[in-house]
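Let me begin by presenting the structure, written as structure tokens, before commenting on it.
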2 protein chains.
Amino acid sequence: MGTRLADVAAHAGVSVQTVSNALNNPALLKPTTLERVLASVDALGYAPNIQARRLRQRTVSTIGLRIEPVVDNIASSLLDRFLHELTAQADELGRHVLLFTATSDEEEVRKIRRLQSERAADQFVLSGTHPGDARVDALLEAGLPFVAFGRPWDASAPHAWVDVDGAAGTREATEALLDAGHRRIGFVGWPAGSGSGDDRRAGWADAMRERLGIDDAGLERLTARSDDRVGEAVDATAHLLPHVDALVCASDSLAAGAIAAAAPSGRRLPVIGFDNTSLAAGLGFPSIDQSLDEVARAVHAAFADPTSTTLVRPRLVRRDDTRWGIAPVADRGSAPS
Amino acid sequence: MGTRLADVAAHAGVSVQTVSNALNNPALLKPTTLERVLASVDALGYAPNIQARRLRQRTVSTIGLRIEPVVDNIASSLLDRFLHELTAQADELGRHVLLFTATSDEEEVRKIRRLQSERAADQFVLSGTHPGDARVDALLEAGLPFVAFGRPWDASAPHAWVDVDGAAGTREATEALLDAGHRRIGFVGWPAGSGSGDDRRAGWADAMRERLGIDDAGLERLTARSDDRVGEAVDATAHLLPHVDALVCASDSLAAGAIAAAAPSGRRLPVIGFDNTSLAAGLGFPSIDQSLDEVARAVHAAFADPTSTTLVRPRLVRRDDTRWGIAPVADRGSAPS
DNA sequence: ATGCCTGGTTGGATCGTTCCAATCTTGACG
DNA sequence: CGTCAAGATTGGAACGATCCAACCAGGCAT
């Protein structure tokens, strides 16, 4: 509990500084002294007072991360998983993760400023960057060290970022369906202009263009758009269903909506979601997983190298659950002709 | 950035101590000085160095909380929501939340010890306490300040805790179904012996006994049990379906399984889940919500009063979504005779 | 022997705040 | 007009670590 460096020093018969060196710079000590000191350290169960260290070193190695207030939506689970990975890895790197909440981007920037100036955190992660994001420029201008989870849509200066290659994910999903014999593969996405939504559609579109030679007009006819809610997606996909034999979706909510829309007909329609949330796991449909462990790894690395930029490749998680009339991806039997 | 108490003091023409008092104990100052000092404070944009304060005060007002490593399950989302609430309220109380991960209860205790002795956190939340939980006794013995989220199943000494009254929740759900005219209301739960699982079943059982006079044998015939996975729940509820006209479930996963099992028949069967996770929101079935905001509030309060024990009442969230053949709770039309 | 260098070790100052006790004001009152 | 108490302000010592520069022993060259 209350053992200080001085106690260990007295116990080992050396100076305070030597004990400090034993822990932080062991190479400086004569091997025999080192051994003796370390023995005293764990004889007394000493652990350094982290606050004192931080005060002296003028660094807190703490990552500040905003989390959203609770809402009844599904999207947040993605950030939660990222948070878990980030924390697990931070443990090993001797970093800490400090959470705070904010209800708007402006408030987030204010709180980051505050945390920085009161030295509660000295590194920040901006998650969910989007086109027109004012946070990036605000932090750049203030000279605050941060890594963005999300590519720079329109930042005025370069900065460290990590993002998931959504297009690569939907492309993989689309090609898996093509390989399984499907041809009329539809896409259910969000309204245009959302950055990552457009990115996800692009992967599907590219694959369809390349492999089947479909033109833009044709692609548009295979596309449905809806806000990210199951209920709305049900309605939005209804008109698309007669014309497709498989679906790639920009999110699991949309996928769930599509499945709900298709269920009454009794058809076996392969549907692939995005983000691999609990919704996909629960309903049992395949989904594209964002590899958040890799994202977290890249974020940690980016704190050391502020010029780093990383695009992580997501991977398709297959599921062979056939409840709800969901057909597994590789189920050739469900592919017409 | 680097403005210190001393800078403010110089600017305002007072001593360092006076500035400190202005911020922490304003009543001590003459109103005119107070005003002058505060003016200097925000003229210079001063924010106290939190590390220095913690070092001096020998207290860090930081709550340590373990989060589970990522797994593909649904249960974790509950803890995540609790985390969000806890954090949001901590912000306002000047507390911080520090996360760490552990893969076993033993590791959790070790890490808590460590965080305590290095003064990284000085308050802890133990979540998901269960019968036979060794963590509680370990922390009690070590004299570490903690609040349990979960009642004390077999702790050897009293301690602060907060829990959700699961029985009250399932009772409310059951009574809502009874009021809607249902009589043969089944229960889908976990294998006996899980503490909170037994608690949730008790609420349903009590209501059925009191209102319909069903005996234990009868209740047992209306019960299905399954591990907390959608797939298993589908199989486990199959035999129950012919004998019930509504279901109360111990979790949303179980509810989703029950709904999946009932879907093929085309029946409109009201199903109520527990925890109000994204699965319930996504599929659109009613669920019992744990009121995690109240839980978080009680946890914060318990840190101030270590003898505090709180049982929070959950509330039924109704949904009138009829996809999947889920009937809304109050839908009399679906209630037979 | 004197000086010099290098590997080990040490003392003292410092990070920025709050605690504690002492000092200075002020005003009321005999 | 001096005394005393309460009110307001202040100086200095902590909190517990690391930084920095200085010290010491001894091996080697001069």
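Hydrogens, waters and symmetry mates play no part in the numbers below; they use all other heavy atoms, side chains included. Keep in mind that what you see is a predicted model, and the values were worked out from it rather than measured. In what follows, every chain begins at residue 1, and chains take the letters A, B, ... in the order their sequences are listed.
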- Message: Looking at B/D133 and B/R135, would you say the former's side chain and the latter's main chain have a donor-acceptor pair under 3.5 Å?
- Response: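 Side chain of B/D133 to backbone of B/R135: a pair is present.
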
Below 3.5 Å between N/O atoms, which protein atoms pair up with nucleotides 7-13 of chain C? Just atom names and distances, please.
| from | atom 1 | to | atom 2 | distance (Å) |
| --- | --- | --- | --- | --- |
| C/dT9 | OP1 | A/T33 | OG1 | 2.8 |
| C/dT9 | OP2 | A/K30 | N | 3.0 |
| C/dT9 | OP2 | A/T33 | OG1 | 3.2 |
| C/dT10 | OP2 | A/S15 | N | 3.0 |
| C/dT10 | OP2 | A/S15 | OG | 3.3 |
| C/dT10 | OP2 | A/T18 | OG1 | 2.7 |
| C/dG11 | O6 | A/Q17 | OE1 | 3.3 |

Does [X] put a side-chain nitrogen or oxygen below 4.0 Å from OP1 or OP2 of [N]?
{"X": "A/R58", "N": "C/dG16", "answer": "yes"}
{"X": "A/R53", "N": "D/dT18", "answer": "yes"}
{"X": "A/Y46", "N": "D/dA17", "answer": "yes"}
{"X": "A/N49", "N": "D/dC15", "answer": "no"}

Please report, rounded to the nearest Å, how far the [atom2] atom of [N] is from the [atom1] atom of [X].
{"X": "A/L55", "N": "C/dG16", "atom1": "CG", "atom2": "C1'", "value": "6 Å"}
{"X": "A/E118", "N": "C/dC15", "atom1": "CD", "atom2": "C1'", "value": "17 Å"}
{"X": "B/L5", "N": "C/dT18", "atom1": "CG", "atom2": "C1'", "value": "9 Å"}
{"X": "B/E35", "N": "D/dA8", "atom1": "CD", "atom2": "P", "value": "15 Å"}
{"X": "B/L23", "N": "C/dG16", "atom1": "CG", "atom2": "P", "value": "16 Å"}
{"X": "B/R119", "N": "D/dG16", "atom1": "CZ", "atom2": "P", "value": "7 Å"}
{"X": "A/R4", "N": "D/dT18", "atom1": "CZ", "atom2": "P", "value": "14 Å"}
{"X": "A/R54", "N": "C/dT17", "atom1": "CZ", "atom2": "C1'", "value": "16 Å"}

- Query: Do other residues, nucleotides or ligands put more than 12 heavy atoms under 6.0 Å from B/E107 CD?
  - Reply: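 Yes, the 6.0 Å shell around CD holds more than 12 heavy atoms from other groups.
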
- Nearest 0.5 Å, what's the CD-CG distance between A/E85 and A/L292? 6.5 Å

- Item | Single hit among A/E92, A/R95, A/Q89 for side-chain hydrogen bond (donor to acceptor under 3.5 Å, both in side chains) with A/H300 |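 It is A/R95, the one option of A/E92, A/R95, A/Q89 that forms the side-chain hydrogen bond (donor to acceptor under 3.5 Å, both in side chains) with A/H300.
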
- Task: Compute whether any side-chain donor of one residue and acceptor of the other, for B/Q290 and B/N276, lie under 3.5 angstrom apart.
- Result: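 Result is no, nothing qualifies.
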
- Item | Check ion pair B/R315-B/E294 (N to O, under 4.0 angstrom) | yes

Table please: side-chain donor-acceptor pairs of residues 25-33 of chain A below 3.5 Å, with sequence neighbours left out.
| from | atom 1 | to | atom 2 | distance (Å) |
| --- | --- | --- | --- | --- |
| A/T33 | OG1 | A/K30 | O | 3.0 |

